Participant: 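Here's a structure for you.
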Amino acid sequence: MQRHHAQAMKMSIIIREQYTDPEVRTIAFDIARAQQHQEGQILALLRDWGLPQTTGASTDTELFLP
């Protein structure tokens, strides 16, 4: 899930930088903030449970392999 949240933040920032429509920019910013917050919650839970804070996948494409 960490990589999923990081990808969502990245995509939202790209959209925010490339679009001039204020509504699109606001939505993209809100998405990035929400994903960042959720990623922080996930990392805190993993820390509290004594689990590693990495996905183990070395590339984005590995996440989509069966």
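From a predicted model like this one, the values you see are computed outputs, not experimental measurements.
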Participant: After noting the C-alpha distance and the side-chain angles of Asp21 and Arg25, does the key distance pass the side chain to side chain contact (heavy atoms under 4.5 Å, CB included) rule?
Facilitator: CA-CA 6 Å; Asp21 182 301; Arg25 290 174 53 84; 5.9 Å; no

Participant: If you link I, L, V, M, F, W and Y whenever their side-chain heavy atoms are under 4.5 Å apart, who else ends up in the same group as Val24?
Facilitator: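 Once heavy-atom contacts under 4.5 Å are chained together, Val24 belongs with Ile15, Tyr19.
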
Participant: Show me the side-chain donor-acceptor pairs of residues 37-49 shorter than 3.5 Å, one per line, residues at least two apart or across chains.
Facilitator:
residue	atom	partner	partner atom	Å
His37	NE2	Gln41	NE2	3.3

Participant: What residues join Met9 in its hydrophobic cluster, counting side-chain heavy atom gaps under 4.5 Å, either direct or through other members?
Facilitator: none

Participant: Mind checking side-chain hydrogen bond (donor to acceptor under 3.5 Å, both in side chains) for Gln35 and listing every partner two or more places apart, or none if nothing turns up?
Facilitator: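 His5.
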
Participant: For Ile31, which fellow cluster members are found when Ile, Leu, Val, Met, Phe, Trp and Tyr are connected by side-chain heavy-atom distances below 4.5 angstrom, either directly or through intermediates?
Facilitator: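 Taking Ile, Leu, Val, Met, Phe, Trp and Tyr as members, Ile31 shares its hydrophobic cluster with Ile27.
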
Participant: Atom CD1 of Ile14 and atom CZ of Arg16: how far apart are they, to the nearest 0.5 Å?
Facilitator: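 If I round to the nearest 0.5 Å, the distance is 13.5 Å.
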
